[in-house]
Number of protein chains: 2
Amino acid sequence: MAENREVTIYDIAKHLNISAATVSRGLKNSPAVSKNTRKKIAEVALELGYQSNTFASSLRSKTTKTLGVLVPRLNSHFMSSVLAGMEKAANKHGYNLIIAQSLEEAENEKQNADTMFNKRVDGLLISLAYDTRNINHLEPFFKRNIPVVFFDRVYSHPSSISVVINNYDAAYKITKHLIDQGCQRIMHIGGNLLRNVYKDRFDGYRQALKDHDLPFQDKMHLISELSEKDGTAAAKHILSMPAAKRPDAVFSANDTSAVYCMMALKAAGFHIPHDVAFAGFNNDPISKVIEPNLTTVDYAGETMGNIAVTNLINHLQGTGNLYSTNSITLRADLIIRASSLKNEVQKTK
Amino acid sequence: MAENREVTIYDIAKHLNISAATVSRGLKNSPAVSKNTRKKIAEVALELGYQSNTFASSLRSKTTKTLGVLVPRLNSHFMSSVLAGMEKAANKHGYNLIIAQSLEEAENEKQNADTMFNKRVDGLLISLAYDTRNINHLEPFFKRNIPVVFFDRVYSHPSSISVVINNYDAAYKITKHLIDQGCQRIMHIGGNLLRNVYKDRFDGYRQALKDHDLPFQDKMHLISELSEKDGTAAAKHILSMPAAKRPDAVFSANDTSAVYCMMALKAAGFHIPHDVAFAGFNNDPISKVIEPNLTTVDYAGETMGNIAVTNLINHLQGTGNLYSTNSITLRADLIIRASSLKNEVQKTK
DNA sequence: TTGTAAGCGTTATCAT
DNA sequence: ATGATAACGCTTACAA
C-alpha cells in the first residue's frame, strides 16, 4: 500500500537487463538507442509507473525548462491576459511558468527575483513595480547570462530585451482624436512617471497639446495609481473646480479610472461626452460596458505575453535572431467609441 | 569576466576552513551551529555571491517548496483574483507557484498534471476543466500522497479537500430574490452540468422555483460556456420567443453572459428591470458598471485562493487539523443591485 | 548500439 | 559544535 520509493531509471534498467545510461537515452528518444530497446524502455516505464525526476535532471543538465514571471499584480484584465498568452506559448514549447507578484513594491520584487534565481529559471520575464528605481536586483541574472525580458513596464538595459507598445504614439493619437473632436481643455489622469508606460503616455499627450497650440497646465495632470477610487477622486477634483476651468475632456492612462471618473460625473448630472469627453487605455472589458462606450487603446495583452515568451524561448534554444534587436514594439490601435465623439453626439441630440 | 562556475557551499567551506556540512547547516540558521560561525558563513556567502541551488536541495530533501496550480483559464476576473490570493499566501510561507491552464480541455489538464507531478510539486491546487469526466490523471498524486486541493470546480475524492462556496444556496437565494420581486418566468443561463458549480446553481434555481410553485421549463434553461457571445445569443433567443412566452427575469451563472444579454435586450428596446429583471454571479467588475447595476453573488476569489493555499501548506507542515474536514465552504453573499429590483423601479417610474 | 563511471550541489547520518 | 561520507536520480564523456 505504502508504495513509497521512487521508480527510477535504474529500476527500468534492471527490468530489462540494460544500463541506466541506455534507459536515460531511450527515454529521450535518442536515435543512439535501437528502436526496439526504445520501445521496450517505454513499455516498462509505463508498467512501473515511472515518472522522471526533473531536479535530478536539472541538477545535471543545468536547465530547468522553467521561466520566471514577475509582475506587479496578476489580477488585472490586462495582466491576466498577458499571463494567459505566456502560459500558452510556454506550454507549447514544453516550458513551465513560475509566477510571482511584487504587489507594486520594489522590495517584494527583489525578493521574488532572488528566489527565481535560486530556482534557476532558464529565463526571467518581468514587468516592473510602481516604485522600482533600479534593477540591481537583476544583476545575478545578468552576471550568469540568464536572459531577462522586460515587458510593458520596462527598463532599458544593454543585455536584455523589451516588449512594449508605443505608448507615446498611442497617447498622442488619442489626445489628437480628442482635440479633433473640438476638445480644448484636456485633463490627463496618469500614473507614476518613473514607469515608461505612464511617462510615455504623458509625453504623447503633452506633445499633442503642443502641436495643436493648446497650453499644458499642471492642474490638468493628476498622478495616481489609477484605481477605481482614483477615478472617483478625479471626478471630485473636477467638480471642485470652477465651472469655467473644468476640462472638456479626460484622457486617462487606464480604463478603470476613466470609467469610475465617468460614472461619478454622470451621477453628478454631467452628460458624456457633451460636457466632458472621455478616453482611456487598455481596452478593458468595462470599456465596452460603460455608457457611452469608452474610447480606448487596444492593448493586446495575450499577444504581448506570447511574443515575450516565444522570443525568450527562441533565444534559449539559439534559434532566435529576434534577440538582435533590443526592443519589440507591438501595434496598439485606437478604438474609438462614443465617449469621445463630441461632434457626433451633439448632432444626434 | 566569464565567471561561470557556480559558487557552492564548498567554496564557502574552503574560505572558512570548515566543512560543507556546517555551511549547509549554518545557511539554514540551524541552532546546532555556533552563532559566530553562522555569522561568518552568512558574510562569506554574501561576499562570494553565493546562491543556493534549489534542485540539489530538492533532490536530497524531497521537497520543492513549490505548489502546482492548474486552472481552466487564468484570464478571468474571478480566476486571476484566486491566483492573486494564492500567490500572496504561498509567498508568505516561502512557497512558489507553478501555474498552468487547461484551456477547458481535459487533455491539457492531464498533460499539465503530469508535468507538475514530474516537477515534484509539494501539493496541487486544481479547478477542473469544462469537460473533465474523471480524475484518473491525478492518481499519481494520490498514490504518492501528494496533497490535492480542489477549488471552485471540484471533484469529490476521499483523500483530498475541496474549497468551495455554497453554489446551491446562493442560486436558491438569488432566484428567490427574483421571485420576491414578482418575477414568475425566470430563465437560467447556465453552464455544463458536469461541473458542480453549474449543477448546484441550476439545482438551487430549480428548487427555488419549486418551493414557490413555479413551473420549471426546459426552454428556460440554456447551457453554454457563458461567454460574451453566449450572453448575446441568449438575448437573441429571448427575442425569438413570442412576447407572451418571454421570461420576465434572467438568472445567469456568471456576470459576463448576464451583462451581454442585458446589453442586447437594452439595444432591442427592453427596459431593465421592468421588462426583464437580471441577476448574475461572481461580482465581476462589469457588474458595477452596467446600467442598471447587476444583482450578483459576491464570489471572493482572493479569499478562496488564500484559504486553499493556506490549508495546503498547513497540511504540508503538519500544523493543520483543517484537513480533517473534507470540504471548506466559504460565504458568498448576495449583492442586490438595481437590475433585479422590479418593484422599486416600477415605483420610481 | 550499449555500458562504465564520474559528477551535478545539497543534505542526512553517523561519528567525533 | 563540527566533520566525513554517502546518498538523491539523472546525464554525459569516454570506452567498448
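To find a chain, count down the sequence lines: A is the first, B the second, and so on, and within it residues start at 1.
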Check DNA chain C against residues 29-38 of chain A and give the residues with a non-hydrogen atom under 4.0 Å, in numerical order. A:Ala32, A:Val33, A:Ser34, A:Thr37
From C:dT11, C:dG9, D:dT12, pick the nucleotide closest to the side chain of B:Asn53? C:dG9
Among residues 40-51 of chain A, which residues get a heavy atom nearer than 4.0 Å to DNA chain C? none
In chain order, what residues pass the side chain to side chain contact (heavy atoms under 4.5 Å, CB included) check against A:Thr132, with sequence neighbours excluded? A:Ala106, A:Glu109, A:Leu128, A:Ala129, A:His137, A:Arg195
Counterpart residues, salt bridge (Lys or Arg N to Asp or Glu O under 4.0 Å), relative to B:Arg60 (two or more places apart): none
Where at least one partner belongs to residues 15-59 of chain B, residue pairs that pass ring-ring contact (aromatic ring centres under 6.0 Å, His included), sequence neighbours excluded: none
Tell me, please, which residues at least two apart from B:Asp122 pass side chain to side chain contact (heavy atoms under 4.5 Å, CB included). B:Thr63, B:Thr64, B:Leu67, B:Tyr95, B:Leu316
According to side chain to side chain contact (heavy atoms under 4.5 Å, CB included), who are the partners of A:Leu138, at least two apart in sequence or on a separate chain? A:Ala113, A:Leu124, A:Ile126, A:Ile135, A:Phe141, A:Phe142, A:Val148, A:Phe150
Do B:Thr310 and B:Lys92 pair up side chain to side chain, a donor and an acceptor below 3.5 Å, judged on atom types alone? no
What is the distance, to the nearest angstrom, from the CG atom on A:Leu59 to the P atom on D:dA7? 17 Å
Short heteroatom pairs, N/O only, protein and nucleotides 3-6 of chain C, under 3.5 Å:
| unit_1 | atom_1 | unit_2 | atom_2 | d |
| --- | --- | --- | --- | --- |
| C:dG3 | OP2 | A:Ser19 | N | 2.8 |
| C:dG3 | OP2 | A:Ser19 | OG | 3.1 |
| C:dG3 | OP2 | A:Thr22 | OG1 | 2.7 |
| C:dG3 | N7 | A:Arg25 | NH1 | 3.3 |
| C:dG3 | O6 | A:Arg25 | NH2 | 2.3 |

What residues, two or more places apart in sequence or in another chain, satisfy side chain to side chain donor-acceptor pair (under 3.5 Å) together with B:Asn134? B:Asn136
Not counting sequence neighbours, list each pair that qualifies as a side chain to side chain donor-acceptor pair (under 3.5 Å) and has a residue in residues 72-91 of chain B. A:Gln101-B:Glu87, A:Asn112-B:Asn91, B:Glu87-B:Asn91, B:Lys88-B:Glu302
Going by distance alone, is a donor N or O of one side chain under 3.5 Å from an acceptor N or O of the other, for A:Lys119 and B:Thr66? yes
Between B:Asp11 (CG) and C:dC8 (P), how many Å, whole number? 11 Å
d(CG, B:Leu27; C1', C:dT10) in whole Å: 11 Å
Can you tell me if the side-chain N/O atoms of A:Lys62 get under 4.0 Å from OP1 or OP2 in C:dG9? yes
Round to the nearest Å and state the distance from B:Lys14 atom NZ to C:dG9 atom C1'. 13 Å
Who are the side chain to side chain contact (heavy atoms under 4.5 Å, CB included) partners of B:Thr37, not counting sequence neighbours? B:Val33, B:Ser34
Taking D:dG9, C:dT10, C:dA12 as options, the one with an atom nearest any side-chain atom of B:Ser61 is C:dA12
Regarding B:Ser57, tell me which of base, sugar-phosphate or nothing describes its non-hydrogen contacts under 4.0 Å with the strands shown. sugar-phosphate
Do any pairs count as a side chain to side chain donor-acceptor pair (under 3.5 Å) and have a residue in residues 16-30 of chain B, sequence neighbours left out, and if so which ones? B:Ser19-B:Thr22, B:Asn29-B:Arg38
Value in whole Å for how far the C1' atom of C:dA12 lies from CD1 of B:Ile9: 12 Å
